[in-house]
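All values below were derived from every heavy atom in this structure, side-chain atoms included, with hydrogens, water molecules and symmetry-related copies excluded.
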Amino acid sequence: MITVLVHELNQTPMRRLISSAGHLLPLLRMETYQSVFRRLNFPAGTLVFTDFEYLNGMEMMAAADIAEAAKRADPDARILNHPATVLERFALLRRLRIRGINPVEVSRLEQDERPTRYPVFIRMEDGFWGPETKLLENPRQLEEAIAVLQGNAKPMKRRIAVSFEADRDSNGYYRKYGAFRIGDAIVSQHILRSVDWNVKSSASSTDPDFVREELAFVKDNPHAEDLLRACNTGHIQFGRVDYTLRDGALVIFEVNPNPTFPKFKGGAAAREERRSHIIAALKVAFEAIDSSGTGRIDFLPSAGSYQFIQSGRWIWPVRWLWRTRMVRRRKMQSQ
């Protein structure tokens with residue numbers, strides 16, 4: 001069995017995979033960190049850790065304690081994205097640049113670091129909200145953008161400047177490629193293209209030439225070796241790499257440890273063949289990381305994190321009441 005640990009605020013990506021393709025894959029189980037912290041035990045078998053951007057330092061320590069308990073119970077246990085060694089967005093991009101693997105430069109604005117490469121954009125290093133600014137072409141525009149954010153009560157804590165390293169293709173589109181890392185496998189997913197520099201969805205995705213190009217990308221998996229190298233640099237064994245190409249070389253934007261998988265039901269008929277190749281490759285990749293295990297394993301958080309996660313062991317009526325109160329207050333504020 002494979003257990004994927006997610007934060008309770010970000011369960012949708014894994015629920016979507018299980019509901020749309022779970023019947024085609026080895027047994028996948030999703031557990032939230034919060035439920036494991038409350039129970040102080042977790043399922044035996046392969047463990048996949050995700051959603052690090054949602055965890056604070058104490059919770060990361062407790063997550064690492066889970067991984068170590070699994071190793072004590074079974075020295076051969078499969079553990080993907082061990083919390084003690086995995087690199088998150090900022091640390092990963094910085095290490096990749098230092099090692100000459102990736103050109104993207106990141107700067108911590110709260111520490112008065114300033115970029116040497118432009119253009120840049122500002123974003124939170126955690127979460128999935130993406131850019132908070134337009135492309136900033138020079139230091140003056142950067143300082144103006146910082147002033148605007150602070151004027152809107154946005155602190156610089158954990159905000160970073162990220163250099164933009166993409167170029168348009170011959171048709172005038174910016175491109176974003178996606179490929180999954182699952183164990184030792186790379187599974188190519190898609191090519192998104194847009195006239196907007198912040199590529200979120202694909203323009204003309206049913207164009208016959210583009211459909212053929214994207215299908216060839218999925219079949220050929222042309223960047224597997226370089227993507228494995230980048231993921232290994234960050235000790236990441238599970239996630240999706242978002243990247244582009246510039247002059248034939250990879251430019252890595254991020255590795256999302258809790259990615260959204262394709263919809264394997266419905267969707268454009270023109271891309272059905274592509275989806276069939278993806279699910280076949282995912283099946284092989286998940287089977288390779290599957291491991292036997294029965295029952296649950298107890299774990300004891302370290303002294304540094306025990307008191308913190310104990311205080312978060314709310315019973316479900318309390319969590320429900322709190323969420324209801326938050327919804328009511330948001331409605332009141334919007335009126």
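The structure places NZ of Lys283 at 13.0 Å from CD1 of Ile182, a figure rounded to the nearest 0.5 Å. A distance of 7.5 Å separates CE in Met60 from OH in Tyr33, rounded to the nearest 0.5 Å. Between the CG atom of Leu135 and the OG atom of Ser163 there is a distance of 10.5 Å, given to the nearest 0.5 Å. One distance of note links CG of Asn232 with CG of Leu227; it measures 10.5 Å at 0.5 Å rounding. Here the CG atom belonging to Leu5 is positioned 10.0 Å from the CD atom belonging to Gln34, to the nearest 0.5 angstrom. Separating the CG atom in Leu215 from the OG atom in Ser188 is a distance of 11.5 Å, to the nearest 0.5 Å.
In plain terms, the two heavy atoms of Ala145 and Ile122 that are nearest each other are CB-CD1, 4.1 Å. Here the closest heavy-atom approach between residue Asn81 and residue Phe52 is recorded as O-CZ, 3.5 Å. In this structure, Arg94 and Ser107 approach most closely via the heavy-atom pair NH2-CA, 4.2 Å. Heavy atoms only, all atoms of each residue included: Pro262 and Ser20 are closest at O-OG, 4.2 Å. The minimum heavy-atom distance between Val241 and Ile252, with the atom names listed, is CG1-CG2, 4.0 Å. Considering all non-hydrogen atoms of both residues, Arg117 and Pro103 come closest at NE-O, 3.7 Å.
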Could you go through the side chain to side chain contact (heavy atoms under 4.5 Å, CB included) check for Arg89 and Val162 one step at a time? CA-CA 11 Å; Arg89 177 183 285 111; Val162 184; 5.9 Å; no

Is there a side chain to side chain contact (heavy atoms under 4.5 Å, CB included) between Ile279 and Arg275 once you walk through the steps? CA-CA 6 Å; Ile279 189 62; Arg275 289 192 293 271; over 6 Å; no

Go through Leu93 and Asn102 one step at a time and tell me if the side chain to side chain contact (heavy atoms under 4.5 Å, CB included) criterion holds. CA-CA 7 Å; Leu93 291 176; Asn102 197 41; 3.8 Å; yes

Would Arg97 and Val104 count as a side chain to side chain contact (heavy atoms under 4.5 Å, CB included) here? Give the steps. CA-CA 6 Å; Arg97 177 170 168 77; Val104 175; over 6 Å; no

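Shown here is Gln111, whose CD atom has more than 12 heavy atoms of other residues, nucleotides or ligands within 6.0 Å. Crowding of Asp184 atom CG: a count of heavy atoms from other residues, nucleotides or ligands under 6.0 Å not exceeding 12.
Taking a cutoff of 4.0 Å between a charged side-chain nitrogen and a carboxylate oxygen, Glu132 and Arg159 qualify as a salt bridge. The existence of a salt bridge linking Asp226 and Arg229 is excluded, since no basic side-chain nitrogen approaches an acidic carboxylate oxygen closer than 4.0 Å. Between Arg175 and Glu213 there is a salt bridge, since a side-chain N of the basic residue sits under 4.0 Å from a carboxylate O of the acidic one. For the pair Glu113 and Arg108, the salt-bridge criterion is not met [side-chain N within less than 4.0 Å of a carboxylate O].
For Arg29, the salt bridge (charged side-chain N to carboxylate O under 4.0 Å, His left out) criterion is met by Glu31, not counting sequence neighbours. Annotation: side-chain contact (heavy atoms from CB on, under 4.5 Å) contacts of Ser19 (sequence neighbours excluded): none. For Asp74, the salt bridge (charged side-chain N to carboxylate O under 4.0 Å, His left out) test picks out no residue, with sequence neighbours left out. With sequence neighbours excluded, no residue satisfies salt bridge (charged side-chain N to carboxylate O under 4.0 Å, His left out) with Arg181. With sequence neighbours excluded, the residues forming a salt bridge (charged side-chain N to carboxylate O under 4.0 Å, His left out) with Lys219 are Glu273, listed by chain and number.
A donor-acceptor contact shorter than 3.5 Å links the side chain of Gln11 to the backbone of Glu8. Of the possible polar contacts, none joining the Asn171 side chain to the Tyr173 backbone as a donor-acceptor pair under 3.5 Å is found. Using modelled atom types, one side-chain atom of Gln237 and one backbone atom of His235 make a donor-acceptor pair closer than 3.5 Å. At distances below 3.5 Å, not a single donor-acceptor pair connects side-chain atoms of Glu214 with backbone N or O atoms of His190. Formation of a donor-acceptor pair under 3.5 Å by the Arg78 side chain with backbone atoms of Asp290 is not found in this model. Looking at Asn258, its side chain never comes within 3.5 Å of a backbone N or O of Asp51 through a donor-acceptor pair. A donor-acceptor contact shorter than 3.5 Å is absent between the side chain of Asn152 and the backbone of Lys154. A distance-only check finds no donor-acceptor pair linking the side chain of Asp65 to the backbone of Phe299 [under 3.5 Å]. Between the side chain of Asp196 and the backbone N or O of Val199, no donor-acceptor pair lies under 3.5 Å. Listed for the Asn56 side chain is a donor-acceptor partner under 3.5 Å among the backbone atoms of Met58.
Classification of the Phe286-Phe261 ring pair by plane angle, with boundaries at 30° and 60°, yields tilted. Under the 30°/60° scheme for interplanar angles, the aromatic rings of Phe164 and Trp197 are found to stand perpendicular.
Residues Pro257 and Phe49 form no side-chain contact, since every pair of their non-hydrogen atoms from C-beta on lies 4.5 Å or further apart. Contact of the Glu125 side chain with the Glu88 side chain is not registered, since no non-hydrogen atoms from C-beta on lie closer than 4.5 Å. Taking the side chain as every heavy atom from C-beta outward, Phe37 and Glu59 approach each other to under 4.5 Å. With a 4.5 Å cut-off on side-chain heavy atoms, Lys200 and Leu192 do not count as touching. Using a 4.5 Å heavy-atom cutoff, the side chains of Gln189 and Phe180 are in contact. Inter-residue side-chain proximity for Val195 and Tyr174 is flagged as unmet; no heavy-atom pair is nearer than 4.5 Å. A 4.5 Å side-chain heavy-atom check between His82 and Glu68 finds at least one atom pair inside the cut-off. Looking only at side-chain heavy atoms (C-beta outward), Glu143 and Arg114 come within less than 4.5 Å of each other.
Grouping the Ile, Leu, Val, Met, Phe, Trp and Tyr side chains by contacts below 4.5 angstrom, directly or via other members, places Met156 apart from Phe121. Tracing side-chain contacts under 4.5 Å through hydrophobic residues (I, L, V, M, F, W, Y), one never reaches Ile297 starting from Met1; they form parts of separate clusters. Linking ILVMFWY residues whenever their side-chain heavy atoms come closer than 4.5 Å, directly or via other members, places Ile236 and Leu80 in the same cluster. Grouping the Ile, Leu, Val, Met, Phe, Trp and Tyr side chains by contacts below 4.5 angstrom, directly or via other members, places Ile79 with Phe42. Transitive grouping of hydrophobic side chains (ILVMFWY, heavy atoms separated by less than 4.5 Å) brings Ile18 and Leu47 into a common cluster.
Remark: the Thr116 side chain and the Glu105 side chain contain an N/O donor-acceptor pair separated by less than 3.5 Å.
Every pair passing side chain to side chain donor-acceptor pair (under 3.5 Å) that includes a residue from residues 239-248 is listed here, sequence neighbours excluded: Glu165-Arg246, His223-Tyr243, Arg240-Asp242.
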